[in-house]
Amino acid sequence: MKKILILKILLSILWVLPCPTAGQNGLAIFSTEGHSQQIRKLKFKGNQEFSDKDLEEAISFSANKWLGQKIFGKDPSYYSEEAARMNIRELTHFYQSEGFLNVQIEEPLVKTKKRNSKVELTFVVKENEPITIDSVIFSGQDSVFNGQLIKMAYEGKKVLEALPGKRFRDELVWNDRDHIVRLMVDQGYAYAETEPLIQTDTAANQATIIWNTDAGPLSYFGNISLTGQERTPEKLIRQQLSFKQGDVYSRDKLNRSQQQIYQLGTFRIASMKAQLSRDKKDTIPVKIDITEAPATTTRLGVGFGREDRFRTFVNFRVLNFPGGARRLNFYAKHSALEPYRFEVKLTQPAVFSPNSSLALAPTVKKLKESGYELFSYSATLTLLQRLTDALNSSFSLYYEKVDLDTTSIAKVSDGGILLDNYSKGGVTAGVLFDNASPRFNPSDGFTVAFNAKSNSMILPGRYPFIKFQLEAKNYQEMGDDLILASRIKFGIIHPGSGSNNVIPVEERFFAGGSRSVRGWARQQLGPKDDKNTPTGGFSTVEASIEPRIRLFGPLSMVVFMDVGNVWQKTEDLSIDEIRFSAGGGLRFTTPIGPVGIDAARPVWDTDNQWQIHFNIGHAF
């Protein structure tokens, strides 16, 4: 009995011991029918043109770590010989679509892990020379139009992406087909078609692209029908159109008209359909279907930040008040920095043109900063003009009455005294260029904003000054998981005659905080009085550079350096007095943008205290 018991124990030990296989040394394929092997790691060798991430996204296999499965709910990927062959085909197709027609993909090397339940795959790639574009030719019945296309393409008018000398890529060719058709359609050829004929010389690794164009008949806009509107006047909707019956057909005018209808702000859906016919009639009716937004809507929001603490807002909107597509907004907000703010805003869209609007906004608010507290009521009349898809301008007239709590404000030097009560009035103007995208988490593009304000110099009032501010931000993808963000800001205030060199405290520049130089707390960088209260200044410079690095899933990290300062007088501005801070943080991407935390401290400075900032959205 003892021998039988010992034998059972030995058999049990042998059963649980890992069994060596040929696949464990990474030299042979391992496959077990009916046995699921989870892919833990994917590797690629020989790939020079594309990164491992590019290749992993092109195939079905994926390497899912334990963290990704448990926290982010990612499904594991399993290995089999049949699946491996399918992934080889997918990888081959990816390379060939990128111009590497002679690519060679070997059978993946398989290395087993953890009792044969996990595998590590290595795909070995031999890219070989890609196909390059030798020439691009246009053919078709309309030789004049083809000549125009050739001229625009070779003059760099961005008609074509697949040009001679470039690597042949399927994506570029199909993009070019869309560009060529779009160009013909926007010139009135609604039924335009084109298809590429690819002639490949595999010996020379070159390709010729022949575009066979068929413009079809020159077309015109026909009857324009409109349905679905109830509260919005039909005449106002038609005024938003960029075309009329009898105009030469253009898809661009259709898109622009749809955008301008949406700008009225009263519609949930505005569908525009050009009713093309199979027999290619040259008169094209247009049908516009409208779905209006609810007459009233209410939005509520709450949040928390290191600086403004608990915050909440409510926004109540009334459409078509009392008609003519006017919008009425009631807005209320509370936070530690702004204990209350009440605003009523009446907006008239399409006031002078489809792309302009006029807004009147009376406001009552209380501000509570570390250096001052104030109560004010004001009114602003603003004209907004959309110049292009990315360029907007504004012009405002304003009046504001301010009650200042002087018990908490630093006094102004040079003998100037800021009264407890004063009024302001003047004009502001601004220009904004913004092509950064996506909106809440930009990875490409830039923004430039310039604003100017004249107080009590055109309209009567105390403390005349002119204020200028320029801010630029840039976003650039440096790799698959790296975005480099940067910004620079410059501001200056010129006191007017009769101001006694006094500028209202709420108009001065301050620095420091979660969206400024993050090594200092809010408004704590710059001039201070003998009680260490920030007084603000007449000039400021700020700059930041911030690599944003994707880690995994929705989680990313940032490292940054912020520089800047504020000077009490304009003439005091000195680059030698620029202050530096550096730090890092984490971001968690959500549908409304990233939520994150930053930690930063001054560098090369006697002040070395760490600052912690909580943000919704990036710092810039």
Worksheet item: Mind checking what makes side chain to side chain donor-acceptor pair (under 3.5 Å) contact with K45, not counting sequence neighbours?
Response: none

Worksheet entry | For the student: nearest non-hydrogen atoms of F450 and L470, plus distance | CB-CD1, 4.1 Å

Worksheet entry | With Q609 via side chain to side chain contact (heavy atoms under 4.5 Å, CB included) - residues at least two apart | D607, Q611

Worksheet, complete the sentence: Residues E577 and W567: closest non-hydrogen pair is OE1-NE1, 2.8 Å

Practice prompt. Keeping the roles fixed (side chain from Y398, backbone from S378), state whether a donor-acceptor pair exists under 3.5 Å.
Written response: no

Discussion item. Please verify the inter-ring angle class for H334 with F310; under 30° counts as parallel, over 60° as perpendicular, anything in between as tilted.
Written reply: tilted

Item to complete: Can you sort out the partners of E90 under side chain to side chain donor-acceptor pair (under 3.5 Å), two or more places apart, ordered by chain and number?
Response: S60

Discussion item. My understanding is that only residues two or more places apart in sequence, or in another chain, count here; which of them pass side chain to side chain donor-acceptor pair (under 3.5 Å) with Q348?
Written reply: R326

Discussion item. Testing the basics here: between S456 and P464, what is the closest heavy-atom pair and its distance to 0.1 Å?
Written reply: O-CB, 3.5 Å

Practice prompt. Go through the structure and list residues passing ring-ring contact (aromatic ring centres under 6.0 Å, His included) with Y475, not counting sequence neighbours.
Written response: none

Fill in: Distance-minimising heavy-atom pair for F510 and E542
O-OE2, 4.1 Å

Item to complete: List the atom of L525, the atom of G512, and the distance in Å for their closest heavy-atom pair.
Response: CB-N, 4.3 Å

Worksheet item: With a distance cut-off below 6.0 Å to the six-membered ring centre and an angular limit of 45° from the axis, does K467 pair with F509 as a cation-pi contact?
Response: yes

Item to complete: With ring-ring contact (aromatic ring centres under 6.0 Å, His included) as the test, would you mind laying out the steps for F468 and F490 before giving the verdict?
Response: CA-CA 8 Å; F468 301 99; F490 172 75; 9.4 Å; no

Fill in: E129 atom CD: more than 12 heavy-atom contacts under 6.0 Å
no

Worksheet entry | Under the ring-ring contact (aromatic ring centres under 6.0 Å, His included) test, residues paired with F44 that sit two or more places apart | F123

Worksheet item: Take atom NZ in K345; do more than 12 heavy atoms of anything else shown fall under 6.0 Å from it?
Response: no

Worksheet item: Could you give all pairs that pass the salt bridge (Lys or Arg N to Asp or Glu O under 4.0 Å) test and reach residues 510-519, with sequence neighbours left out?
Response: R518-E546, R518-D562, R518-D598

Discussion item. Applying side chain to side chain donor-acceptor pair (under 3.5 Å), can you list everything that pairs with N255, at least two apart in sequence or on another chain?
Written reply: none

Worksheet, complete the sentence: Applied to residues 432-444, the side-chain hydrogen bond (donor to acceptor under 3.5 Å, both in side chains) test, sequence neighbours excluded, yields N441-H618

Response to the item:
Sorted by chain and number, sequence neighbours left out, ring-ring contact (aromatic ring centres under 6.0 Å, His included) with F620 holds for none

Fill in: Ion pair check, R522 and E369, cut-off under 4.0 Å
yes

Worksheet item: Can you name the nearest heavy-atom pair linking I261 to M272, along with the distance?
Response: CD1-SD, 4.5 Å

Practice prompt. Not counting sequence neighbours, which residues clear ring-ring contact (aromatic ring centres under 6.0 Å, His included) with F267? List them please.
Written response: none

Worksheet entry | Residue list, side chain to side chain contact (heavy atoms under 4.5 Å, CB included) with T606, at least two apart or on another chain | none

